[in-house]
4 protein chains.
Amino acid sequence: MPGVSGAASASAPASGSAGSASSAAGRRGRPRSEVVERAIVEAVVRLLEDGVPFSELSIERIARTAGVGKATIYRRWDGKEALFVDVVRSMEPVAPPLPGTSVRDDLVAIIEMLRQRGLAKRSSALLHNVFAQMQSYPQLWDMYHRTSIAPRRERMDEVLRRGIANGEIRADIDFGLLGDLFVGPMLVRTVLRPGDTPEQGSAERIVDAVLEGVRPAEGPSR
Amino acid sequence: MPGVSGAASASAPASGSAGSASSAAGRRGRPRSEVVERAIVEAVVRLLEDGVPFSELSIERIARTAGVGKATIYRRWDGKEALFVDVVRSMEPVAPPLPGTSVRDDLVAIIEMLRQRGLAKRSSALLHNVFAQMQSYPQLWDMYHRTSIAPRRERMDEVLRRGIANGEIRADIDFGLLGDLFVGPMLVRTVLRPGDTPEQGSAERIVDAVLEGVRPAEGPSR
Amino acid sequence: MPGVSGAASASAPASGSAGSASSAAGRRGRPRSEVVERAIVEAVVRLLEDGVPFSELSIERIARTAGVGKATIYRRWDGKEALFVDVVRSMEPVAPPLPGTSVRDDLVAIIEMLRQRGLAKRSSALLHNVFAQMQSYPQLWDMYHRTSIAPRRERMDEVLRRGIANGEIRADIDFGLLGDLFVGPMLVRTVLRPGDTPEQGSAERIVDAVLEGVRPAEGPSR
Amino acid sequence: MPGVSGAASASAPASGSAGSASSAAGRRGRPRSEVVERAIVEAVVRLLEDGVPFSELSIERIARTAGVGKATIYRRWDGKEALFVDVVRSMEPVAPPLPGTSVRDDLVAIIEMLRQRGLAKRSSALLHNVFAQMQSYPQLWDMYHRTSIAPRRERMDEVLRRGIANGEIRADIDFGLLGDLFVGPMLVRTVLRPGDTPEQGSAERIVDAVLEGVRPAEGPSR
DNA sequence: AGTTAATCGAGACGGTACGTCTGGTCTTTAA
DNA sequence: TTAAAGACCAGACGTACCGTCTCGATTAACT
């Protein structure tokens, strides 16, 4: 599962996917223990849940908590930050299926999921921190972006494309901006202003406001 | 100017602005040197501009660069992070005046300013980091929020209220959400996805999209 | 009283004792306060008596305890060690008069005084430390030697000379060694092995043993 | 070799000499390097020999000189002073064998050794300082006393007992004082008044003077 | 069954930075 | 001018981590 370190990421699944391959290279010696792997990630999660301030997490302490040698961590990850990427991944909720009834409902579901994530006790303070830290390491952020954000974004883009196709959404809007119009208002609250996550029903209100526009309807008022 | 440490923040400007006041208390001992203060903040800025990776900034190094004792820094700020708040403040651009021609134009100006800040070489990578770090220190973030973000937000809220009053903006939208509808899409890009700052003209496009709505105008009206 | 710094040593008592004199030279500005001087020395003594480990004495702390500015101390003494010389001097007991009945009795009185000093609570642990420290500063040790040890030594040498003159002491012994023969055994105990100070009567036993010799009297004489 | 910290002192040589024993305990983790150990002690010696004033020795500087991390020093010794005990020990000359011809000659050999130690360039100023410092740390002094002084003292006591047994020394003298009568005069010079170490032949003169007594022989003079 | 090689926990290693404390000096205001 | 106060630069204090490196002891896969 850990993969930021470098080739490991690619080769680990490779050895699994390459069919007969496992024997080919002939990895020798004792294989890495998955148990240990999980123990490490879980140690981080546990520490964070126990209220250990994020800044007090250290490889040294994580190793101690997990009952693991420091080298065992460095063997798998390049450093604290790389480890966090996997921790975050292990905590990200699985994207639930979209209702599919209408583009509007799908968008609401997506935005609502962001809200839920912001509310989750675990995620809230916790993810927020890891998040903030990760931003200072472009490489890691990129990689997180690639493996976690991008797929979700793609899922949303599909919904939007469907909306454009079936006339639920205007076709003359910069597509790159379109997604952010829906996602931005909620993200700004959950990520940038944690603790200020909007209440129930906000997802719908955001989606509707963006769809309908904020300017008074022209018809009657004229 | 440094103020996270205690009441200094509030009182420093006070003692400056309160006219004759300075003599009142009769502080004893050698007063703190403003020169030193500036030297410290500037040392941080210089280091960051010289490409020193953010994670390599340390009080020790900052002191060395500024030609200052470590204690002199700790005397003013509670730690690295508190110092950064002031650094960020010293670099934040002054909010330019709003055109005032229409609510729409004012909003564009505000959003455009966010874009500009994201573009500024200094701000970009640099501020982004300090920013990210600060998010892990709730106290600091609060305080930054209070002194930097809130005033700007208030400025925007006034514009929005004006818009509601003069009919440029619907009155039936959750006011708390309203601001984020405009600000969110741009912030998401500049803060959360630095390096992906939208191109020229995006501010207008965002404001217009949010105003008009993303749903196609009702059939006949087109 | 302080004198290591320079000529002050000689002039201090002068300015103090000379009554009307103070005007003579025409010193300008606020005169140095003797109160302050005593406060400093006493602060050191008090701290030591309060059981503050010697190594934790610092100019900073002494100044704080004495309610005095650091500069005020530096104005009088060259440093911690120079100050200690005066502290030690302020605590050294005055040499009592010698009985003068016989050279042997005078020597016993001198050695007994060394024993007493070693026993004195204040002196014991306390002086011992200052003592030990001073030894690492040749200059200070010299000066302590000159003002405190040498006079006492001279007093003893006179006794010894008297002894040689009146036949109580052999004339064929290296005079330089002679003093140490009496003084050494006791000093070794009180200075080098504090807490092992010999019991009552040791002074006499030492003096007599050195006088008579440790070898059994020649056969027949017994 | 370092032993103040704990049992290491006793057990380290044990594990080496005890043949098969090493397996017993089953030390875990990387073992401490003896090379490093020596490097540290030697760094101190070198610095002192290079004329670095004793007061300028700091763990920081010692570590730098030895090319060693500070923690590596603290891992072995409790502090500067504890380290010095081992430094002193590494510099103490090995006690040479006694001639054994007569008690008088053995005593001369012992006292002469003290003189030699006081003369040695290395020892002289150097040992004197460490010595002086150590006296301010009762624990350390005790321990130095136990491991270095006491054994030598015991050796001397044996000589004295032999002297009493074979009639070379009077039996009616307080045995506790006896040793100091010989040792005191020389120690006072080498330890308390470094730089004033007596010249060649003093050991004999001291021993003889103490043996014979300082009072003129009664026989002829009467 | 034996060999081989990478793994594991543990912890030493050279470093760097932490936040605190001292050492001396300098700069204020008050006396 | 001196005094108290306290800021100032410098740098040591002892601790905590960093990422690397031995250790002895497992632990599989390959002989």
Side-chain angles (χ1 to χ4, degrees), chain A residues 22-23 26-33 35-36 39 56-64 66-76 78-80, chain B residues 23 25-33 35-36 56-64 66-76 78-80, chain C residues 27-33 35-36 56-64 66-76 78-80, chain D residues 22-23 26-33 35-37 55-64 66-76 78-80:
Chain A
S22 80
S23 64
R27 283 269 170 284
R28 273 209 298 239
R30 178 174 175 177
R32 292 193 187 160
S33 158
V35 180
V36 165
E56 285 178 21
L57 280 189
S58 63
I59 294 280
E60 203 114 53
R61 184 162 183 182
I62 292 166
R64 236 179 294 137
V68 139
K70 280 200 291 176
T72 302
I73 296 182
Y74 283 110
R75 213 172 281 127
R76 280 150 225 265
D78 268 357
K80 204 181 345 191
Chain B
S23 64
R27 283 273 169 281
R28 275 213 293 242
R30 179 173 172 176
R32 294 196 185 157
S33 158
V35 179
V36 164
E56 284 178 22
L57 279 189
S58 62
I59 294 279
E60 205 113 68
R61 184 161 184 182
I62 292 167
R64 235 179 295 139
V68 139
K70 279 200 290 176
T72 303
I73 297 183
Y74 283 110
R75 211 173 282 127
R76 281 151 224 265
D78 270 356
K80 205 182 342 192
Chain C
R27 285 265 177 287
R28 276 214 294 246
R30 179 172 170 177
R32 290 194 186 166
S33 158
V35 180
V36 165
E56 285 178 23
L57 281 188
S58 61
I59 295 279
E60 203 109 52
R61 185 162 182 182
I62 293 167
R64 235 179 294 137
V68 140
K70 280 199 290 177
T72 304
I73 296 182
Y74 283 111
R75 213 171 280 128
R76 281 152 223 263
D78 270 356
K80 199 179 353 189
Chain D
S22 78
S23 63
R27 285 271 170 284
R28 270 196 312 225
R30 178 174 173 176
R32 294 193 185 160
S33 159
V35 179
V36 165
E37 204 126 310
S55 55
E56 283 178 23
L57 279 190
S58 61
I59 294 279
E60 205 115 331
R61 184 161 183 182
I62 292 166
R64 237 179 293 137
V68 138
K70 276 200 293 176
T72 303
I73 296 182
Y74 284 112
R75 214 173 278 128
R76 280 153 225 265
D78 271 355
K80 208 186 330 199

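Chain naming here is simple, since letters A, B, ... match the order of the sequence lines and numbering starts at 1 in each.
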From CD1 of Ile62(C) across to P of dG24(E) the rounded distance in Å is 11 Å

Atom pair distance, as rounded to whole Å: CD1 in Ile73(B) and P in dA10(F)
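Interatomic distance, CD1 of Ile73(B) to P of dA10(F): 12 Å.
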
Check salt bridge (charged side-chain N to carboxylate O under 4.0 Å, His left out) between Arg61(B) and all other residues, then give those that pass, not counting sequence neighbours.
Glu56(B)

Using a cut-off of 4.0 Å between protein heavy atoms and nucleotide atoms, how would you tag nucleotides 10-17 of chain E 5' to 3' with B, S and -?
BBBBB--B

Contact summary for Gly69(B) and Ala63(B), nearest pair of heavy atoms
C-CB, 4.3 Å

Looking at every non-hydrogen atom in both residues, tell me the closest pair between Val36(B) and Arg76(B) and how far apart they are.
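Looking at all heavy atoms of both residues, the closest pair is CG1-NH2, 4.0 Å.
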
Could you check whether any side-chain heavy atom of Lys70(B) comes within less than 4.5 Å of a side-chain heavy atom of Ile73(B), counting everything from C-beta outward?
no

